[in-house]
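Structure in structure tokens, see below.
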Amino acid sequence: MYDRLKGFRDFYPEEMAGRRRAMDAVEASAARYGFREIDTPALERAQMYADKSGDEIVEEMYSFEDKGGRHVAMTPELTPTVARMVVDKGQELSKPIKWVSTRPFWRYEQVQQGRFREFYQTNVDVFGSSAPEADAEVLAVVANAFVDLGLTSEDFEFRVNHRDVLGGLLATFGDDVDTEAGIRAVDKSAKVEPEEYYDLLVDAGLTRDQASQLDDLLKGGDLDEIAAFAGTDRVREGVENLRAILAVTEDFGVREYCTLSLETARGLDYYTGAVFECFDSAGEVSRSIFGGGRYDDLIESFGGQPTPAVGIAPGYATLTLLLQRAGVWPEGEEAISTDYYVLQAGDVREEAARVARALRERDHVVASDVAGRSFGAQMDYADSINAETVVIVGERDLANDEVTIKDMETGDQTQVPVEDFPGDRQRPTYDDFA
RNA sequence: UCCGGGCUAGGGUAGUGGUUAUCCUUCAGGCUUGUGGAGCCUGAGACGCGGGUUCGAUUCUCGCGCCCGGACCCA
């Protein structure tokens, strides 16, 4: 026996059915908004991440030297790759660019709930629009997909904030305030004791009183009050932008899934505007489901034209947990279903093959014996794959030019003339012949 | 990297310093040469790995690995 590598998972059919359904829902939703699918390499030059990603990501990379002496890395995230792709094509691509991509990523991290070393996510990005419609659209793509999967506003919420509101507010407390540290402190506020939170803010350069003021303003959640308190254009514009985004989510019909959350910060440094984070409303999935946000400076930092960008990237490890806890994850027959099992009894290969082919031409899932098994064993198997209908093609019936149609739910069965099956019917069942 | 809790057939479990390691389930075959979801029979299948203590270790001990949580960090 060989061990599976820690943090890498096998997906057996039943679980894969749920994953397929989830991935299809997100991709189909993106497609309905006109996002185009792209695919990207699993390996990139490690230098790209060393230059563009944070130290944490670089330390967690699966990287090695290939046979040509190149220092390469298994992609730990998609954003640098798509940024590279946008820059590569230069002016050739008409804006806005709307791309979607589902694929695995790799990070050498500690394995725990909802986090693995190989993980799949769907990245949904818009390049070339700084309008609030773009931010709202990526939120809407994911919200629509979640609703399609059976989730409701009881199950999840998108917390929306803006870097210019939070960062701009921090900046008004003094020139020597480290806004990045302040943002990280705010990001932690829900997790740590108030004392520790205040200490972190003080470390970022605020006074004790300012920390208290900031806490009150954020908790109050009044955008007008914050804009008035800060009195800077940056905060005022951030507030306007945030309101505009939320207003557009109304147009998309997904406003109810979005919550203004001034304490949502996101760890990544490259976000420049709106930031979003998805949470389990019930609080049972302890970590954020996924995040996203606006990164208007990244393309330029890759050497391209200044190009605003916004993206969101639901990951399937945490989404699976959310779906399971909401009771909308396929189990049993929902996961593994079979329309027909064509059972062979005796030397009936030709006729059984004809029946199976006819049903497959009608686009049904049709299984038949490929192991020379006994009647009882085939029946057992048909049951185990949740066959809805069993078509028994047997020597005895065939002697009368008949086959037997059996409803596996009720156990009812009846003989039908072999030339009448499937006949003109698109999806013949026992009930058609009873 | 750190902190808990675990590890006995595919899944769930009982148990023991000493003959052939328990039971349920599962899987294969049969009872029934043409009927699954009930029953019975037969068979398959396990002490995570390595060192130590011991005449003897699945059991005690140490280390490692893996699993499940959590911290840090993040998606």
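Please read these numbers as outputs of a predicted model, since none were measured by experiment. Residue numbers start from 1 in every chain, and the chains themselves are labelled A, B, ... in the order their sequence lines are given, proteins ahead of strands.
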Between B/rA71 atom C1' and A/Glu109 atom CD, what is the distance in whole Å? 14 Å

For nucleotides 31-33 of chain B, which of its nitrogen or oxygen atoms have a protein nitrogen or oxygen under 3.5 Å away, and what is each distance?
none

Which nucleotide wins on minimum distance to the side chain of A/Phe119, given the candidates B/rA75, B/rU35, B/rC2? B/rA75

Atom-to-atom span, CG of A/Leu78 to C1' of B/rC74 - whole angstrom: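 Rounded to whole Å, this separation is 17 Å.
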
Look at the side chain of A/Gln378 against the base of B/rU35 and say whether a donor-acceptor pair falls under 3.5 Å; ignore hydrogens and angles.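 No pair found.
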
Calculate the interatomic distance between A/Leu319 atom CG and B/rA75 atom C1'; express it in whole Å. 12 Å

Output the rounded distance in Å from CD (A/Gln112) to P (B/rC3). 15 Å

Which residues share a side-chain contact (heavy atoms from CB on, under 4.5 Å) with A/Asp420, sequence neighbours left out: A/Pro417, A/Arg425, A/Phe433

Applying side-chain contact (heavy atoms from CB on, under 4.5 Å) to A/Glu157 and not counting sequence neighbours gives A/Arg159, A/Thr259, A/Phe279, A/Ser281

Taking only nitrogen or oxygen atoms into account, show me every contact under 3.5 Å that the protein makes with nucleotides 63-68 of chain B, one pair per line with its distance.
from   : atom 1 : to     : atom 2 : distance (Å)
B/rC67 : OP2    : A/Lys6 : NZ     : 3.1

Using a heavy-atom cut-off of under 4.0 Å over every strand shown, decide if A/Gly411 touches base, sugar-phosphate, or nothing.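 Base, at least one base heavy atom under 4.0 Å.
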
Using atom CE of A/Met23 as one end and atom C1' of B/rA75 as the other, report the distance to the nearest whole Å. 14 Å

Determine the interatomic distance between P on B/rG29 and the same-named atom on B/rG37; round to the nearest Å. 13 Å

What's the closest nucleotide to the A/Phe290 side chain, out of B/rA75, B/rG29, B/rU35?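 Between B/rA75, B/rG29, B/rU35, the one nearest the side chain of A/Phe290 would be B/rA75.
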
B/rG51 and B/rU59: how far apart are their P atoms, nearest whole angstrom?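 So the two P atoms sit 13 Å from each other.
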
Identify every side-chain donor-acceptor pair in residues 365-379 of chain A under 3.5 Å, counting partners at least two apart or on other chains, and give the distances.
from     : atom 1 : to       : atom 2 : distance (Å)
A/Ser368 : OG     : A/Val342 : O      : 2.7
A/Ser368 : OG     : A/Gln344 : NE2    : 2.9
A/Asp369 : OD1    : A/Ala371 : N      : 3.2
A/Asp369 : OD1    : A/Gly372 : N      : 3.4
A/Asp369 : OD1    : A/Arg373 : N      : 3.4
A/Asp369 : OD2    : A/Gly372 : N      : 2.8
A/Asp369 : OD2    : A/Arg373 : N      : 3.2
A/Ser374 : OG     : A/Ala377 : N      : 3.2
A/Gln378 : OE1    : A/Tyr341 : OH     : 3.1
A/Gln378 : OE1    : A/Gln344 : N      : 3.0
A/Gln378 : NE2    : A/Gln344 : O      : 2.7
A/Gln378 : NE2    : A/Arg373 : O      : 3.0

In a check of salt bridge (Lys or Arg N to Asp or Glu O under 4.0 Å) between A/Arg427 and each of A/Asp339, A/Asp432, A/Asp363, which one passes?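 Between A/Arg427 and the candidates, salt bridge (Lys or Arg N to Asp or Glu O under 4.0 Å) is satisfied uniquely by A/Asp339.
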
Could you check whether any side-chain N or O of A/Asn386 sits under 3.5 Å from a backbone N or O of A/Ile336, counting only pairs where one atom can act as donor and the other as acceptor?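 Between the backbone of A/Ile336 and the side chain of A/Asn386 there is a qualifying donor-acceptor contact (under 3.5 Å).
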
For A/Arg373 and B/rG29, is the shortest distance between a side-chain N/O and OP1 or OP2 below 4.0 Å?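 Answer yes for this pair, as a side-chain N or O of A/Arg373 is under 4.0 Å from OP1 or OP2.
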
Under the rule for ring pair (Phe, Tyr, Trp, His ring centres under 6.0 Å), what residues qualify as partners of A/Phe156, not counting sequence neighbours?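 Partners of A/Phe156 under the ring pair (Phe, Tyr, Trp, His ring centres under 6.0 Å) test: A/Phe146, A/Phe158, A/Tyr257.
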
Separation of B/rA75 P from A/Tyr49 OH (nearest whole Å):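 Distance check: A/Tyr49 OH to B/rA75 P gives 14 Å.
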
Quick one: ring pair (Phe, Tyr, Trp, His ring centres under 6.0 Å) partners of A/Phe64, sequence neighbours excluded? none

Provide the distance between the two C1' atoms, one in B/rU16 and one in B/rG50, to the nearest whole Å. 23 Å

List RNA chain B stems (3 or more consecutive Watson-Crick/G-U pairs, under 3.5 Å)? B:1-7 with B:65-71, B:10-12 with B:23-25, B:26-31 with B:39-44, B:48-52 with B:60-64

If I pick the P atom on B/rU32 and the same atom on B/rG15, what distance separates them, to the nearest angstrom? 40 Å

Counterpart residues, ring pair (Phe, Tyr, Trp, His ring centres under 6.0 Å), relative to A/Tyr108 (two or more places apart):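 A/Tyr108: ring pair (Phe, Tyr, Trp, His ring centres under 6.0 Å) contacts with A/Tyr62.
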
Under the side-chain contact (heavy atoms from CB on, under 4.5 Å) test, which residues partner A/Glu402, sequence neighbours left out?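 Expected list: A/Asp397, A/Asn400, A/Gln415.
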
Which of residues 381-400 of chain A have a heavy atom under 4.0 Å from RNA chain B?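 Nucleic-acid contacts, sorted: A/Asp383, A/Ile392, A/Gly394, A/Glu395, A/Arg396, A/Asp397.
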
Nearest whole Å is fine: how far is B/rU35 C1' from A/Asp380 CG?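 Computing the A/Asp380:CG to B/rU35:C1' distance gives 11 Å.
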
How close or far is atom P of B/rC74 from atom CZ of A/Phe279, stated in whole angstroms? 13 Å

Taking only residues two or more places apart in sequence, or in another chain, which ones meet A/Phe173 in a ring pair (Phe, Tyr, Trp, His ring centres under 6.0 Å)?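 For A/Phe173 the ring pair (Phe, Tyr, Trp, His ring centres under 6.0 Å) partners, ignoring immediate neighbours, are A/Phe229.
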
Is it the case that A/Arg103 places NZ or CZ above or below the six-membered ring of A/Phe105, under 6.0 angstrom from the centre and within 45 degrees of the axis?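 Positive - A/Arg103 is close enough to the ring of A/Phe105 and near enough to its axis.
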
With rounding to the closest Å, how many angstrom separate the P atoms on B/rC47 and B/rC74?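 Those two atoms are separated by 42 Å.
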
More 5' along RNA chain B: A/Asp412 or A/Tyr108, using each one's nearest nucleotide?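 Its nearest nucleotide lies further toward 5', so the answer is A/Tyr108.
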
